[in-house]
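Read the structure below first, then the notes.
Computed from heavy atoms alone, side chains included, the values below leave out hydrogens, waters and symmetry copies.
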Amino acid sequence: MQKPKDVNTRGTAVRPSVQIMGTSASATSQAAPFSPTHQADHQGNGMAEHRRLLQSVNIRNSKTKSIITNKVAPVVITNNCREEFQIHDKIQSANYLRGRISDLLPEHYLVLGEFFMVQDVYNRADVLNTTKSHGAPNFRKVKGNYPLFGMGQPSLSGFKQVLQRLQIDGFEEVIFICVREEPVVFFRSSGDFIPYTPRRKENLHENLHDLDRELSTEQIELSIRKELCDFAKLSENMFSVYNDIEHFKDEPQHVHILSEEDIHVTEEVYKRPLFSHPSHRYYRLPLPMEGAPLEETFDAFVNILRETPNLSVTRDGSSPPPALLFSCQVGVGRTNLGLILGALVFHHLQGASKSPRQKIQGEHKLDFQVIQLLISCLPKGQQVLDEVDDAIAICSEMHNIKDAVYESKLKLEGIGEDYQIQGSSTKGYFLQRTLQSLERYVYLLVFNAYLHDQYSQAFSQSFSQWMCMNAWIYRLLSSMDSSELSAPANLLTNGIRVLVSSEFLSTDLLSTAKEMKVANFRRVSKMALYGMAQPNSEALAVVMSYLTDTRRGHSTVLWLNLQEELVLEANGQMFTPREPGCLEQPIPVCVQHPQQLQEMELALKQDILSCEKWLEVITEQDKQMRMFKSCHTIQELFVHQKSIHPGLSYQRIPLSDCCAPAEQVFDRLLEAMKSSLAEDPGCAFIFNCHDGKDRTTAAMVIGTLTLWHINGFPDCEDDEIVSVPDAKYTKGEFEAVMQVVRFLPDGHRMKREVDVALDVVSETMTPMHYHLREIIISTYRQIKMAKSEADAQWLRLRSLQYLERYIYLILFNSYLHLEKKDSWRRPFSQWMYQVAARSGIYAILNHLGFSEFENPDESPMSRLRFRWLPHTVQSIPMRGELI
């Protein structure tokens, strides 16, 4: 995700410094500084003072009797001699920035320090040619009987014309929803007010978005209006705007600004006409240009429904439903999204159709894996999908969301050899566009599922709350990009990717490679539980001989491989494919079943052996060219060892690096251990990832807790008094953690047992200086020392992932206690969704952060929606296809 641009940091330096003096009687009184725009009271006090000041400057329009000047400022005495005040008319122009679009155009003041004011809607945007006839560009009604209307941005007169037309058509109640997120201001022109928007010099055709998280769009519009008034005072009541950004003929144009009344903000344009129509209402519901809206945006839409009795299922049938009118800039993308939301609402209001849906001719079917998984998991999933497709169809006159997904995917697949445009990957660009369009469609499915559940209950839960109750949806959406599954096996033999050795990727910090032939081999004290890096066939044989010798005597061994990327043994050495430009960046493969990894590794092996040519490999020493005579998958290595040690069992349970394991990973680990212990209580357990560090340690802690619950807990001593800086955080006593602890039955004990397990496992790896709990605060502290904003964001994400993993371990321990009486027949994933979710656990995880030090909501990574997405330090080129 891109970090939203913050106007605050760029605009503060260019805010005006306006001062208003006292009366003439106080020539020496102190000047009261005008608040910076981003801190101003936008309820009206500061702006009202400024308006009076501007009006007083316009002497021709005031009814003044006389003007008396003194050394401080002019004194204005009104006609009735009852008011006397001074004007301090010196605006600090040095605090404003000036600029020009090109060397051929004049220089003038810039809005918010960097933007040019451009006429909002150009003539060619009105494809339906409705501006003259209806008052707004692209005005239309959806197909069918729903009172749903969409349009582009009208002027003030145009909006009045739209309302008049709806009234003529018999709509007594109209709910108008502006879905624009960018600021818009309206300049007086020939008896009307015409919309203009600020644009960047680099792209005058593109609207601004993600301007400022602290300020609403309405507040930004007020800030812009104040600046425009100041600019006009500095430029003889004129300001430069642009109408023709194609040819710049006769540009810039000049608008007259004598007072704030010459400029309207969006609220004024849309709310003032409503005084003549008391049953009409106006809302601003900012929708994104691309991708799906945030959950709070859906919440705001639901609040509109709650406030509208005639959209309730309990409404009086004698009253017709209101007309819903949506508007964005040209009335296409965002307006279309709003219309679809409205169509889904009216569908639930008027009842579901009993007849099966008929496929529309030429309609594209979206056969993406994520959609199929979603509808298979949702109650009435196919019905949910059909209803969304129907809503899209009736709203498709100007834009079709399904077509947008389909066409973006076609463009993506049409790119053969990837190439760079302005430093960015073309394939990466179209992949992002496709995923954004797909995300929008998927969220419509999810929102319709929410309506199915909550509409009849009068929305007892907000959409955000409902999503936290169904957090499995976030897990599913995180696998939307599954293109690596279809990456061709010949990427290595064609020289696109290279093989990187395990020795290059994993450092043997525990110095065990000499004796055990594998890096970082270790054992949990007094337990048959081991961890290590990825072994080759030689190391596998050594470890199995070690475990089954007369001293240890394990007759059964369960080996759990946690790797989620492809791994092969070639010429006796372990390798994994990597991109040449980012050798240390793993290439995880998002699979629904671990068998898919085995199949991909088998295809990779066959391609390597059949190519019979030298391949580039990266070893611990340097780059080399090698011809491979032998090649084996991991599963083949274990099949061979099982023929020697029949008690050996092997499972692949992919686990993401540094993250909290997904709920189903806990299920698989617990079930694997339970089954093995049922056959042999003395079974030994071995975990490995690529370096034996992060994922291996997390799995070893899960294994330790499981064995303690089955075999009995060791004595857990009271907490030690730790005399180190921030000891409470080293002990994991973060506010988010302690909130979970308060929620859980006997929560302090749950945490203490996890802490003991973490300490026991960490004792096996002291030379690594790695502790799953202590790494949380140590990573967070590094943010202040980050060399770049990107590094800081990465460290923030990592610290949050470590914090979440710690919380999940506590939750898993609580599950083991509470479900032990039923022998854990209910999986952990079901317990989380059925029990923990209802207790508010996912609500905590959806606002996760270090509230001791900062506001968690300032980072999008505090949300499940963004934190659970795959994240990489370096972008990996797309090699497969979206499936």
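Of the inter-residue distances, the one linking Q253 atom CD with S189 atom OG reads 9.5 Å to the nearest 0.5 angstrom. In this structure, CD1 on I194 lies 7.0 Å from CD on Q119, to the nearest 0.5 angstrom. Rounding to the nearest 0.5 Å places CG of L285 at 9.0 Å from CG of L337. For the atom pair F326 CZ and L148 CG, the distance stands at 6.5 Å (nearest 0.5 Å). For the atom pair OG (S437) and CD1 (I401), the distance works out to 8.5 Å, reported to the nearest 0.5 Å. Interatomic distance, F866 CZ to M861 CE, rounded to the nearest 0.5 Å: 7.5 Å.
Between A136 and M151, the shortest heavy-atom contact is CB-SD, 3.5 Å. When all heavy atoms are compared, the tightest approach of I101 to K201 is O-CE, 3.1 Å. Between E182 and E221, the shortest heavy-atom contact is O-OE2, 4.3 Å. Between F430 and T434, the shortest heavy-atom contact is O-OG1, 2.7 Å. When all heavy atoms of P856 and G849 are compared, the closest pair comes out as CB-CA, 3.8 Å.
Among residue pairs with one or both ends in residues 234-243, none qualify as salt bridge (Lys or Arg N to Asp or Glu O under 4.0 Å); sequence neighbours excluded.
Ion pairing between a basic and an acidic side chain is recognised when a charged N comes within 4.0 Å of a carboxylate O; K132 and D126 show no such pairing. Under a 4.0 Å N-O distance rule, the pair R796/E858 does not qualify as a salt bridge. Classification of R440 and E290 as a salt-bridged pair fails, no side-chain N sitting under 4.0 Å from a carboxylate O. R863 has a carboxylate O that lies under 4.0 Å from a charged side-chain N of E296, or vice versa, which qualifies the two as a salt bridge. Salt bridge R433/E407: absent, no basic N to carboxylate O contact under 4.0 Å. Looking at D192 and K160, no side-chain N of the basic residue comes within less than 4.0 Å of a carboxylate O on the acidic one, giving no salt bridge.
Of the N and O atoms on the side chains of T308 and R306, not one donor lies less than 3.5 Å from an acceptor on the other residue. No side-chain donor-acceptor contact under 3.5 Å links E246 and Y122. Neither side chain, D262 nor H256, offers a donor N or O lying under 3.5 Å from an acceptor on the other. Side-chain contact of N243 with E251: a donor-acceptor pair under 3.5 Å is absent, judged by distance alone.
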* Show your reasoning for whether ring pair (Phe, Tyr, Trp, His ring centres under 6.0 Å) applies to F176 and F159. => CA-CA 10 Å; F176 173 58; F159 181 59; 5.0 Å; yes

* Asked: Where do M398 and L128 land on the side-chain contact (heavy atoms from CB on, under 4.5 Å) test, with the steps shown first?
  -> CA-CA 9 Å; M398 291 289 295; L128 300 183; 3.7 Å; yes

* To do: Verify side-chain contact (heavy atoms from CB on, under 4.5 Å) between R865 and E439, making sure each step is shown before the conclusion.
  => CA-CA 12 Å; R865 174 173 175 174; E439 181 192 49; 3.3 Å; yes

* Decide side-chain contact (heavy atoms from CB on, under 4.5 Å) for E181 and R334; before the verdict, give the C-alpha distance in whole Å, the side-chain angles of both, and the deciding distance to 0.1 Å. => CA-CA 10 Å; E181 63 174 340; R334 291 172 290 179; 4.0 Å; yes

* side-chain contact (heavy atoms from CB on, under 4.5 Å) evaluation trace for I263 with R188 -> CA-CA 6 Å; I263 308 170; R188 188 191 297 276; over 6 Å; no

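Proximity of the aromatic rings of H108 and F116 is defined here by a centroid distance below 6.0 angstrom, and this criterion is met. For an aromatic pair to be called close, the ring centres must be under 6.0 Å apart, and F298 with F447 satisfies this. Annotation: H134 is in aromatic contact with F139 [ring centroid separation under 6.0 Å].
Of the possible donor and acceptor atoms, none in the side chain of N138 sits under 3.5 Å from a partner among the backbone N and O of N129. When atom types are taken as modelled, the side chain of H280 and the backbone of V174 share a donor-acceptor pair closer than 3.5 angstrom. S862 places a side-chain N or O within 3.5 Å of a backbone atom of S859 that can act as its donor or acceptor partner.
Relative to the ring axis of Y109, R98 places its NZ or CZ within 45° and under 6.0 Å from the centre.
None of E267, E261, E218, E268 except one satisfies the salt bridge (charged side-chain N to carboxylate O under 4.0 Å, His left out) rule with R225; the exception is E268.
Using a 4.5 Å heavy-atom cutoff, the side chains of L339 and R140 are in contact.
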